[in-house]
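These numbers come from the heavy atoms of this one structure, side chains and all, not from hydrogens, waters or symmetry mates. Reminder, nothing fancy here: chain letters follow the sequence lines and each chain counts from 1.
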There are 2 protein chains.
Amino acid sequence: MLRVGDGSLELLKGTLDVLLLKTLSHGPLHGYAISRSIRRATDEAFTVEEGALYPALRRLEKRGLVEAEWGVTDTGREARFYRLTGAGETELASGLRTWHRYVAAMARVLADGHP
Amino acid sequence: MLRVGDGSLELLKGTLDVLLLKTLSHGPLHGYAISRSIRRATDEAFTVEEGALYPALRRLEKRGLVEAEWGVTDTGREARFYRLTGAGETELASGLRTWHRYVAAMARVLADGHP
DNA sequence: TTATATCCCTAAGATTACAAGGGATATCCC
DNA sequence: GGGATATCCCTTGTAATCTTAGGGATATAA
């Protein structure tokens, strides 16, 4: 679970979607910028690999949670910008609730004295 | 991610081990009792399916984190009792730290205003 | 005798992350 | 000019681990 070399954690399968949706909730970003944003926000704890990122963005697009559009970055490069849709916002809210419930449930088990 | 019918959550792949180790840290239990303990502690939020539970216990056993032994339950039934080993305690401590770092990293992304 | 709870287990299927590639361009520095 | 680095896109293969869906057996209560 823990990667030894750097201090980065493996992503738990199922949490990437909400990370992406949340990151896009501040405004459209291209894949590379999304990855950078998450890496910086978590102080390198989360590094979103490209092999996870792009398939995940495709999944979200297919589900109608994000929309993609080609554009040009600040640095003058072609890039695909992803934008959160209305359905994406709804899913984000749901995902946040689910995550918080998950953390609460974990806390109940991991707290001492539940048997 | 969310199962609609009941209020139970799908387990994120990778969190089951620490749940099991923690549950066993209070003393030896057999599989069925472990499952029941977690279900009750989380107020039904987590239901550990048998198809996940037994393979997970085998993995932990193979890694030397738990030891198994046949015994008899309070109700007079044969059951395999799992006991946390020293290595299991160490792994539990490590798993707890990892989980807390994970939650903290998630929180930094999911909090408003990180871009 | 039927249902429910208690106990064990496996096999197939799906999902989803990582690893490891490939490709292209801009910019900085020597 | 040339090389390294950062910026951008993507796919394929692999591994891990969960859910679903079974199978089997016994005790007890209705």
Side-chain angles (χ1 to χ4, degrees), chain A residues 1-6 8-21 28-40 45-63 68-82 95 98 102, chain B residues 1-6 8-20 28-40 45-63 68-82 95 102 105-106:
Chain A
M1 197 187 232
L2 195 59
R3 252 187 279 167
V4 209
D6 48 9
S8 80
L9 300 161
E10 280 200 4
L11 285 179
L12 292 174
K13 303 184 184 186
T15 54
L16 180 55
D17 285 9
V18 71
L19 288 174
L20 297 180
L21 294 175
L29 287 177
H30 51 83
Y32 192 81
I34 293 172
S35 170
R36 192 173 42 199
S37 172
I38 293 176
R39 194 168 60 246
R40 288 193 183 158
F46 289 164
T47 297
V48 182
E49 306 292 339
E50 298 188 325
L53 175 66
Y54 291 106
L57 287 170
R58 296 302 179 103
R59 288 197 300 268
L60 296 178
E61 193 180 359
K62 187 177 281 181
R63 291 172 60 198
E69 189 175 20
W70 283 97
V72 178
T73 69
D74 294 344
T75 59
R77 288 164 164 282
E78 301 277 322
R80 254 167 92 85
F81 286 81
Y82 294 89
T98 299
Y102 202 94
Chain B
M1 197 185 234
L2 196 59
R3 252 188 278 166
V4 210
D6 48 10
S8 81
L9 301 160
E10 280 200 5
L11 285 180
L12 293 175
K13 303 184 185 185
T15 53
L16 180 54
D17 286 8
V18 71
L19 288 174
L20 298 180
L29 288 176
H30 51 83
Y32 193 81
I34 294 171
S35 170
R36 191 174 42 200
S37 172
I38 292 176
R39 194 169 59 247
R40 287 193 182 157
F46 289 164
T47 297
V48 182
E49 305 292 339
E50 298 189 325
L53 175 66
Y54 292 106
L57 288 170
R58 297 302 180 103
R59 289 197 301 267
L60 296 178
E61 194 181 359
K62 188 176 282 181
R63 291 172 61 198
E69 189 176 21
W70 283 97
V72 178
T73 69
D74 294 343
T75 59
R77 287 163 164 282
E78 300 278 321
R80 253 167 92 84
F81 286 81
Y82 293 88
Y102 201 95
M106 286 290 289

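The CD-P distance, from A:E49 to D:dT14, rounds to 18 Å in whole Å. Rounded to an integer number of Å, the gap from B:L9 CG to D:dC18 P is 14 Å. The CD-C1' distance, from A:E10 to D:dA16, rounds to 9 Å in whole Å. Rounding to whole angstrom units, CG of residue A:L11 and C1' of C:dA19 are separated by 14 Å. Taking atom CG of residue A:L60 and atom P of nucleotide C:dT15, one finds them 14 Å apart after rounding to whole Å. Separating the CG atom of A:D17 from the P atom of C:dT15 is a distance of 13 Å, rounded to the nearest angstrom.
Nucleotide C:dC30 is matched to D:dG1 when pairs are restricted to Watson-Crick or G-U wobble geometry with both distances under 3.5 angstrom.
Scored by the side-chain contact (heavy atoms from CB on, under 4.5 Å) test, B:R63 finds B:D17, B:L60, B:L65, B:E91 as partners (sequence neighbours excluded). Contacts of A:A79 classified as side-chain contact (heavy atoms from CB on, under 4.5 Å), with partners at least two apart in sequence or in another chain: A:H30, A:T73, A:F81. The ring-ring contact (aromatic ring centres under 6.0 Å, His included) test applied to A:Y82 returns no partner, not counting sequence neighbours. For the salt bridge (Lys or Arg N to Asp or Glu O under 4.0 Å) test, residues two or more places apart in sequence or in another chain that qualify with A:E61 are A:R80.
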Steps toward side chain to side chain contact (heavy atoms under 4.5 Å, CB included) verdict (B:I34, B:V48): CA-CA 9 Å; B:I34 294 171; B:V48 182; over 6 Å; no
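The shortest distance between the side-chain N/O atoms of A:R59 and the OP1/OP2 oxygens of C:dA17 is below 4.0 Å.
Side chains of A:L16 and A:L53 form no contact here, defined as non-hydrogen atoms less than 4.5 Å apart.
Scanning atom types as modelled, one donor and one acceptor separated by under 3.5 angstrom connect the side chain of B:K13 and the base of C:dT15.
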Heavy-atom protein contacts under 4.0 Å, nucleotides 3-11 of chain C, coded B base, S sugar-phosphate only, - none: --BBBBBB-
